[in-house]
Every structure is written in C-alpha cells, then in structure tokens.
Amino acid sequence: METRRLPRKFYTRPTLTVARELLGKYLVRPIRPRPFSEKGGANGAKKIVTKKMIGKIVETEAYIGPKDKASHAYQWKITPRNKTEYLEGGHIYIYLCYGMYWQLNITTAKAGQPECVLIRALEPLNGQKRIKNYELGIKKLTNGPGKLCRWIKLDKSFDGEDLTRSKRIWLEDRSDSLPAQIKKGRIVAAKRIGIDYAGKWAKKPWRFYLRDNPFVSRMAGLVIRNRHPQRWRVS
DNA sequence: GTACAGATTGAG
DNA sequence: TCAATCTGTACT
C-alpha cells in the first residue's frame, strides 16, 4: 500500500475546499506511551514500544477569519491563544475549550490569513482487529473534537506544529483504501456546532461530514452531491 | 487582582 | 435538555 503525506499545497487552498477534501484523509499519530517497560531479555533491559494511532477524518468545520464571527480571528483578533491560526496552511492551531477539551485545527490558506479547519470526528483504525465490539466501543472515543484529541493524545505542545514536517503527527493519503462515500461523491454540508452566538455566520453550511458514517458526532444537514467527484478523490 | 464566556461532553 | 468544569482573556 502506498501512502503519501499531504504536501503544503494541499493546505494552502481556499478553506472550504480543504475542509471538504480533508474528509477521507488519514490522521497519523505515532505515540510512545510513557516509557513503557517490558521484560526485554535476560538482562531485564527495557523496551520502548511505539504505537501508531490512525484515524480517517469523517467530520470537519471551516472557520474563515477575519470575516467569520464564529472564528477566533474575527476582525483580525489576535491573542497569545490564537496566534498560530495565522500560520501558513498545514500547521496546527490547538486550543483548550471549556477548560478541559483540546480542539484540533489545521490552518489553511497563506501565512497571515487566519483560516482553519476544525477536525470534529475520526473513524479510528488502530485496534480494529483487537476490539470485538469495534464500532460501539471505539466510536465513543473519537466522535467529537474534544474526544478525538484525548484519544490521539494531543495537547498545547502541538500548537504551531507543521504537519508537512512533524515526526509525531501528519496527514496522508492511502492508495488502497479510497473511502466509498467520497468515491460516490456524497458528503453532507450542515450548520456548524456550538456557535449560535455568531448571527448569520452560524447559519453557514460550513460543517462537512461523510454521509451515514457512524463515527460522525451529530448527523443533521443537507446532502450535497459532488458534481466533480474526481476532484475529491483521495489519491 | 476579578469576572466570565466558551468551536464540549455525558447524563437524563 | 441541561449543567459540570476550568483556562484564557479582558477588564478593574
């Protein structure tokens, strides 16, 4: 199977395009569980086991500052918290919400343009064969923006991380597993979640998810058919 | 220093 | 539907 890390040019396009095309891409996160000890042999040497967490992105939301009132960068607002949102496309902007949940965002467009895509849900691949009640058990760990960050162990230390170069997190295409939903050219566009304070911007259909995917956080929206499915192919 | 909102979640 | 939870942010 071939894999390809998404290049810079994938991210530096219009945010709505990136938000739609991120559906079906794979988020890869090698994790080294805290110095994990295993009996390594007669001398008792310790062995470090690296685990690779992988999830297919199935739900996203676009935030297009500075015009978007729901964006942290509305009207060019810039603070210590959201400054990484201004980085060139392909970087991570991560922040803490409600005092306890990290929110993973991927910057888009060119440097200085505060636009990003919130990753809201993943279809986890790791552990697929080991967990019997796979869908019900794993679904609950990644079907929300706060939960998926907990699952792949992200925190403030990832703020500003470059997805095109990082060794601890990146996005990739896979040649052997094109998402059927995308091949069929079907995604759903819906209102974004939790931003009712944003007036007319709250009504924009800037949330995207794979139709009928069981890992999506909340299903509701308008099904849109892609007239140019070839543009949304994963590889 | 103090007040307060919030791109959520999980229980009911 | 509703409230727990707590950091960052803005303001005094």
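Just so we're on the same page: letters track the sequence lines, and every chain starts at 1. The basis for the numbers below is simple: all heavy atoms, side chains too, and nothing from hydrogens, waters or symmetry mates.
- Considering all non-hydrogen atoms of both residues, A/S71 and A/P114 come closest at OG-O, 4.4 Å.
- Relative to the ring axis of A/F10, A/R13 places its NZ or CZ within 45° and under 6.0 Å from the centre.
- Considering A/R218, A/K204, A/K191, A/R120 in turn, A/R120 is the only one that fulfils the salt bridge (charged side-chain N to carboxylate O under 4.0 Å, His left out) rule with A/E61.
- Contacts of A/L118 with the nucleic acid, taken as non-hydrogen atoms under 4.0 Å apart, include base atoms.
- For DNA chain B, the span of nucleotides reached by chain A at under 4.0 Å from its heavy atoms goes, 5' to 3', from B/dG6 to B/dG10.
- The distance from atom CZ of A/R218 to atom C1' of C/dT1 is 11 Å, rounded to the nearest whole Å.
- The shortest distance between side-chain heavy atoms of A/D68 and A/W206 falls below 4.5 Å.
- Taking the six-membered ring for Trp and thresholds of 30 and 60 degrees, A/Y93 and A/H72 have ring planes more than 60 degrees apart, a perpendicular arrangement.
- Within 4.0 Å of A/K77, counting heavy atoms only, lie sugar-phosphate atoms of the nucleic acid but no base atom.
- Residue-environment remark: NZ (A/K110) stays at or below the threshold of 12 foreign heavy atoms within 6.0 Å.
- Spacing between atom CG of A/L96 and atom P of C/dG8 amounts to 7 Å, rounded to whole angstrom units.
- Contact annotation for A/E61: no contact, since no heavy-atom pair falls under 4.0 Å across all strands.
- We find that CD1 of A/I94 is positioned 15 Å from C1' of C/dG8, with the value rounded to whole Å.
- No more than 12 heavy atoms of other residues, nucleotides or ligands sit less than 6.0 Å from atom CZ of A/R165.
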For DNA chain C, what string of dots and brackets results from 5' to 3' when Watson-Crick and G-U pairs need both distances under 3.5 Å, crossing pairs get [ ], and pairs with another strand get |? ||||.||||||.
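- Within the 4.5 Å cutoff, the side chain of A/V117 has no heavy atoms near those of the A/N105 side chain.
- Within the 4.5 Å cutoff, side-chain heavy atoms of A/Y11 are placed close to those of A/L6.
- Annotation: of the two residues near DNA chain C, A/Y101 and A/K156, the 5′-most nearest-nucleotide partner is A/Y101.
- The distance from atom OH of A/Y98 to atom P of C/dT5 is 15 Å, rounded to the nearest whole Å.
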